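For reference, the structure is listed below as structure tokens.
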Amino acid sequence: MKQTTIKINRARLEASIHELGQFGINKDGGLDRTTFTEAELQARNWLKQQLDQLSLNVYTDEAANIWAKRSGKHQKSIVFGSHIDTVPNGGKYDGALGVLMALEVLRTLDESEIETNHPFELVSFSAEEPNPFGLSTFGSRAISGKLTKNDLEGVQDSNGTRLVEALARAGGDAQQFENCLRNVNDFVAYLEVHIEQGKRLLHAEVPIGVVTAITGIYREHITVKGESNHAGTTVMVDRTDALVAAAELVISLNEICTRFPKEELVGTVGQMHVHPNATNIIPGEVTLTVEIRGETEEDIQAVRKEFEAKKGQLEQRSNIQFSTEIMLDQSPVPMSNHVIKVTEREAEQAGRSSMRLGSMAGHDAAHMASLTPSGMIFVPSIDGKSHCPEEESSMDDIEHVANVFLRTLLSLDEGGEER
């Protein structure tokens, strides 16, 4: 029978958040705990020390993912966790909260002496965040076969540090990298808790977000070619200004995405370079990066189609030329309908309201979904802030989600392999 009265220890979870939040802290109060740095290695050691205090099989795989397995009656595991690396000057909740909540679940089960049908596995994935080695969601891609030994060869950061050496320091092994692979027969389900990193739950005054899909991400690199000329002697009608055309593209993308009927469709130009970038020269070339994120492939394609039409219109009425290189075309990943319904049911039984929403950021759950039915639960973010020192979630919301998380895991364990 599922234990319905069991609850996590709020004070202990809060203390864990504070303890882990000291590794990599900088003078501004943010965390510099990027992938395979000294601060991140110290955080890894702290986590392993906490896990070693429980009756678990704790090990680090070839991709430097940290695993802790609690025995169960059957073979297939229920796996849950997130990551503990941060962006530069990041916060102490992004990723880390999911790992610490998983740790608290294992502690609670241990002290309550609860036996489960399936083994429960905590995982702390390596290098989820964008990092100096350019390989984000590193650990989850590795175990799902989307990142191979060949992908590691020759990779280094801007300081010349080789990825294979950094991986070894974290306990990984590039030479035996394929041994980290897991398969569809290993797991019953995967569940990840994460902060929302936005304001949707906040605006709705709902404490629990149930994720329906992990966003699709499309990125392209556009080169805008005009004609450089003297900025003082070239009258306006004689100009072919690449920056003006680029600015029109930026504005048009913003307008297209703002008009789109779904708020979870967003578009951004976050990078731009102007050549020759001189005060008295009309820009002859501009390069920029466009990113479009959406919950469905159809939404992303609709925006792309309208944006391409805007490019064509600009070319027709000017001497501007555009060339485009696709950098990323990652499809959205739906979460398991079964996991979604179990999570919603447990929230309702706990007397907490929940709301379905798409994840507008990428997560390890997107790759775990190729191995097992997967789901995510979001905790509201105060002021919607993330990837900054001000990142925070209230302990009341964290406690509510943690208990629903625990109950959902136990329900998935009781329900077996329903899909």
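Side chains included, hydrogens not; waters and symmetry mates left out as well; all remaining heavy atoms used. Remember, it's a predicted structure, so these values are computed and weren't measured experimentally.
Judged by distance alone, the side chain of S228 and the main-chain N or O of G284 form a donor-acceptor pair under 3.5 Å. Panel note: side chain T372, backbone V188; a donor-acceptor pair is recorded below 3.5 Å. Listed for the T240 side chain is no donor-acceptor partner under 3.5 Å among the backbone atoms of I320. Proximity of a side-chain donor or acceptor of R293 to a complementary backbone N or O of M360 within less than 3.5 Å is detected. T215 contributes a side-chain N or O that, together with a main-chain N or O of G294, makes up a donor-acceptor pair within less than 3.5 Å. The backbone N or O of A365 sits less than 3.5 Å from a side-chain atom of E192, completing a donor-acceptor pair. Side chain of S381 to backbone of Q197: a donor-acceptor contact under 3.5 angstrom is found. A donor-acceptor pair is defined here as one N or O able to donate and one able to accept, closer than 3.5 Å; such a pair exists between the side chain of T37 and the backbone of T34. Using a distance-only test at 3.5 Å, with no hydrogens or angles considered, a donor-acceptor pair links the side chain of E40 to the main chain of F36. Looking at S394, its side chain does come within 3.5 Å of a backbone N or O of D397 through a donor-acceptor pair.
Salt bridge present: R259 and E306 bring a charged side-chain N and a carboxylate O closer than 4.0 Å. A salt bridge is defined here as a Lys NZ or Arg NE, NH1 or NH2 lying under 4.0 Å from an Asp or Glu carboxylate O, and R356 with E344 meets this definition. With salt bridges taken as basic N to acidic carboxylate O contacts below 4.0 Å, one links D299 and K262. Taking the charged nitrogens against the carboxylate oxygens, R33 and D94 have no contact shorter than 4.0 Å, which rules out a salt bridge. A salt bridge is defined here as a Lys NZ or Arg NE, NH1 or NH2 lying under 4.0 Å from an Asp or Glu carboxylate O, and E104 with R12 meets this definition. A salt bridge does not link K385 to E391: none of the charged nitrogens lies less than 4.0 Å from a carboxylate oxygen.
The nearest pair of heavy atoms linking L201 to P380 is CD1-N, 3.9 Å.
Between W67 and Y59, the ring planes lie parallel to each other; the angle is under 30°, not in the 30° to 60° tilted range.
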Chi angles and distances behind the side chain to side chain donor-acceptor pair (under 3.5 Å) call for E295, T212: CA-CA 9 Å; E295 189 179 4; T212 56; 2.7 Å; yes

Stepwise side-chain contact (heavy atoms from CB on, under 4.5 Å) check, I282 with H230: CA-CA 6 Å; I282 298 166; H230 196 295; over 6 Å; no

Test log, rule side-chain contact (heavy atoms from CB on, under 4.5 Å), inputs L191 and T408: CA-CA 9 Å; L191 188 59; T408 301; 3.8 Å; yes

Worked verdict on E264 versus R200 for salt bridge (Lys or Arg N to Asp or Glu O under 4.0 Å): CA-CA 10 Å; E264 292 177 0; R200 289 169 294 169; 2.5 Å; yes

R44 vs L47, side-chain contact (heavy atoms from CB on, under 4.5 Å): CA-CA, chis, key distance, verdict: CA-CA 5 Å; R44 285 168 168 270; L47 176 60; 5.8 Å; no

Pair R317-E248, salt bridge (Lys or Arg N to Asp or Glu O under 4.0 Å): steps then yes or no: CA-CA 13 Å; R317 63 179 171 83; E248 283 199 55; 2.5 Å; yes

side-chain contact (heavy atoms from CB on, under 4.5 Å) between M101 and I398, intermediate numbers included: CA-CA 9 Å; M101 211 174 277; I398 290 171; 3.9 Å; yes

Derivation of the side chain to side chain donor-acceptor pair (under 3.5 Å) call for Q301 and E297: CA-CA 6 Å; Q301 291 301 326; E297 188 68 33; 3.0 Å; yes

Evaluation steps, side chain to side chain donor-acceptor pair (under 3.5 Å), between S124 and H83: CA-CA 5 Å; S124 179; H83 64 95; over 6 Å; no

Worked check of salt bridge (Lys or Arg N to Asp or Glu O under 4.0 Å) between E220 and K311: CA-CA 13 Å; E220 65 181 29; K311 285 188 207 173; 2.9 Å; yes

Side chain to side chain donor-acceptor pair (under 3.5 Å) between D85 and N131, worked out: CA-CA 9 Å; D85 62 308; N131 54 72; 5.6 Å; no

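Counting only N and O atoms by type, the side chains of E346 and S411 include a donor and acceptor under 3.5 Å apart.
R219 is not listed as a side-chain neighbour of Q330, based on a closest heavy-atom distance of 4.5 Å or more. A heavy-atom distance below 4.5 Å is found between the side chains of L253 and V269. Contact annotation: the side chain of L41 approaches that of E38 to within less than 4.5 Å [non-hydrogen atoms, C-beta and beyond]. A heavy-atom distance below 4.5 Å is not found between the side chains of E62 and Q175. With contacts defined as side-chain heavy-atom distances shorter than 4.5 Å, the pair V339/V342 does not qualify. Annotation: side chain of E399 is not in contact with side chain of K7 (no heavy-atom distance under 4.5 Å). At a threshold of 4.5 Å between non-hydrogen side-chain atoms, the residues L20 and L100 count as touching. Annotation: side chain of D238 is not in contact with side chain of N229 (no heavy-atom distance under 4.5 Å).
Residue Q22 qualifies as enclosed at atom CD: its count of foreign heavy atoms under 6.0 Å is above 12. For Q321, the CD atom counts as loosely surrounded, since its 6.0 Å shell holds 12 or fewer non-hydrogen atoms of other residues, nucleotides or ligands. No more than 12 heavy atoms of other residues, nucleotides or ligands shown are found within 6.0 angstrom of CD on E205. Within a 6.0 Å radius of NZ in K225, other residues, nucleotides and ligands contribute 12 heavy atoms or fewer. Crowding of K146 atom NZ: a count of heavy atoms from other residues, nucleotides or ligands under 6.0 Å exceeding 12. At most 12 heavy atoms of other shown residues, nucleotides or ligands fall within 6.0 angstrom of atom CG in N319. Heavy atoms from other residues, nucleotides or ligands lying under 6.0 Å from NE2 of H275 number 12 at most.
A ring-ring contact (aromatic ring centres under 6.0 Å, His included) check over residues 134-170, counting only residues at least two apart or in different chains, returns the pairs F138-F177.
Taking CG of D329 as the reference point, atom OH of Y218 lies at 6.5 Å (rounded to 0.5 Å). A distance of 9.0 Å separates CD1 in I222 from OG in S323, rounded to the nearest 0.5 Å. Separation of atoms CZ (R141) and CE (M368) is listed at 15.0 Å; rounding is to 0.5 Å. Taking CZ of R407 as the start and CG of L412 as the end, the distance is 13.0 Å to the nearest 0.5 Å. Atoms CG and CG, from L31 and D28 in turn, are 11.5 Å apart once rounded to the nearest 0.5 Å. Here H363 contributes atom NE2 and H194 contributes atom NE2; the two are 5.0 Å apart, rounded to the nearest 0.5 Å.
Between F80 and F120, the gap from one ring centroid to the other is short of 6.0 Å.
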Please table the atom pairs, donor to acceptor, closer than 3.5 Å between any side-chain atom in residues 158-169 and protein atoms at least two apart or in another chain.
from	atom 1	to	atom 2	distance (Å)
R162	NH1	E165	OE2	3.0

